[in-house]
There are 2 protein chains.
Amino acid sequence: MTESIESYALDEQVGYLLRLANQRHASIFQSHTLEGLTPTQFAALIRIAELGKCSQNRLGRLAAMDVATIKGVVDRLRQKGLTVVEPDPDDKRRTLISLSPEGEALVSQMKDVGQKITNETLKPLTAAEQRNLIRILRKIS
Amino acid sequence: MTESIESYALDEQVGYLLRLANQRHASIFQSHTLEGLTPTQFAALIRIAELGKCSQNRLGRLAAMDVATIKGVVDRLRQKGLTVVEPDPDDKRRTLISLSPEGEALVSQMKDVGQKITNETLKPLTAAEQRNLIRILRKIS
DNA sequence: CTTTGTTTATTATAATACGAACAATTAAAT
DNA sequence: ATTTAATTGTTCGTATTATAATAAACAAAG
């Protein structure tokens with residue numbers, strides 16, 4: 001019985017490892033990103049580019065962000081001049097979000113950078129492991 | 001050309017998927033945890049149990065937490081009565097952290113719960129995929 | 001039309017998480 | 001011994017994330 005009786009290894013728990021992987025990715029992201037964009041802001045920007053003009057709540061749902069989270073993200077993107085916010089004439093509850101010209105320009109630049117960030121994050125893995133990780137993460141997300 | 005010319009699929013980027021996986025795990029964690037413990041607080045508690053009495057900065061390094069983060073975590077654990085904080089007589093800079101009796105008791109309970117949380121998080125995967133995910137995450141962490 | 005229920009957005013609170021700056025202390029170098 | 005460098009802990013600022021509560025507007029049903 002050379003192993004610990006405790007039988008709980010923190011370093012092999014998926015939650016702990018996900019936190020570490022996230023930390024490493026965030027660090028790589030930060031060393032590449034433009035305009036001080038965060039991963040969350042980046043994801044929101046890409047989604048707006050995909051969706052076109054859409055409401056704030058819908059954007060949050062499709063970018064996997066809470067209503068409170070997406071509000072803060074949209075506020076910061078607007079402050080940076082990357083998005084345009086306007087009231088929906090057809091529904092007074094809604095706020096419509098879209099990309100500003102500066103936002104559009106940044107998105108095209110960020111797509112290349114995004115690929116570099118992904119590649120560097122996956123660098124320690126073989127090609128098969130990289131595909132495997134993406135596939136498995138999609139299954140548990 | 002049915003595919004998008006944009007050629008950047010957010011839903012296949014490792015950073016975005018890691019964020020989603022983390023969200024799912026945090027949600028499962030919260031539905032199981034005792035004393036309102038968060039995943040971060042849980043990890044710190046386990047590390048203290050493994051290390052025994054140690055300084056705050058050392059604990060932070062071994063639990064993958066920033067000095068500012070570990071301070072907040074230790075403060076909240078102390079407020080809950082789970083840890084004991086005392087000055088190091090040999091080094092006036094250091095603060096020594098250890099488990100209180102309540103902390104020790106909680107750790108043994110939390111190890112079972114922790115295993116349940118891991119199992120539920122990995123549930124959508126086959127046994128081979130589960131081992132694979134852990135192995136791959138360890139490689140990129 | 002009015003009641004009921006849902007959706008949308010905002011606000012507040014709490015807990016990470018990191019960088020940067022700071023003072024106090026210890027260690028190392030000369 | 002004195003200067004220099006490194007470590008430790010604290011604090012501040014900014015960002016993300018969730019929950020809960022609130023208010024306004026819309027939709028559906030009677």
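Just so it is clear: chains get the letters A, B, ... in the order the sequence lines come, proteins before strands, and each one is counted from 1. This structure is a prediction, so every number in the text was calculated from the model and none was measured.
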**Q** Tell me whether A/Arg135 is salt-bridged to B/Glu129, with the criterion being a basic N under 4.0 Å from an acidic carboxylate O.
**A** yes
**Q** Can you tell me how far P of D/dA15 sits from NZ of A/Lys71, to the nearest Å?
**A** 14 Å
**Q** Report the residue (B/Met65 or A/Ser55) whose heavy-atom-nearest nucleotide on DNA chain C is the more 5′ of the two.
**A** A/Ser55
**Q** Just the rounded figure in Å: distance from C1' of D/dA18 to CD1 of B/Ile28.
**A** 16 Å
**Q** Expressed as a whole number of angstroms, how long is the span from A/Ile97:CD1 to C/dT10:P?
**A** 8 Å
**Q** Passes side chain to side chain donor-acceptor pair (under 3.5 Å), A/Thr118 versus B/Gln13? Steps please.
**A** CA-CA 6 Å; A/Thr118 293; B/Gln13 302 303 311; 2.5 Å; yes
**Q** What is the distance, to the nearest angstrom, from the CG atom on B/Asn22 to the P atom on C/dT16?
**A** 13 Å
**Q** Over how many whole Å does the gap from B/Glu35 atom CD to C/dA15 atom P extend?
**A** 14 Å
**Q** Check each residue of residues 73-93 of chain B for a non-hydrogen atom within less than 4.0 Å of any atom in DNA chain D, then write out the ones that pass by number, or none.
**A** B/Arg93
**Q** Figure out the CD1/C1' separation between A/Ile70 and C/dT7, and round it to whole Å.
**A** 17 Å
**Q** Salt bridge or not between B/Arg47 and A/Asp11? Use side-chain N to carboxylate O under 4.0 Å.
**A** yes
**Q** Between A/Tyr16 and B/Phe42, is the side chain to side chain contact (heavy atoms under 4.5 Å, CB included) condition met? List the steps.
**A** CA-CA 10 Å; A/Tyr16 184 70; B/Phe42 176 78; over 6 Å; no
**Q** Measure the distance from CZ on B/Arg19 to C1' on C/dT16 and round it to the nearest whole Å.
**A** 15 Å
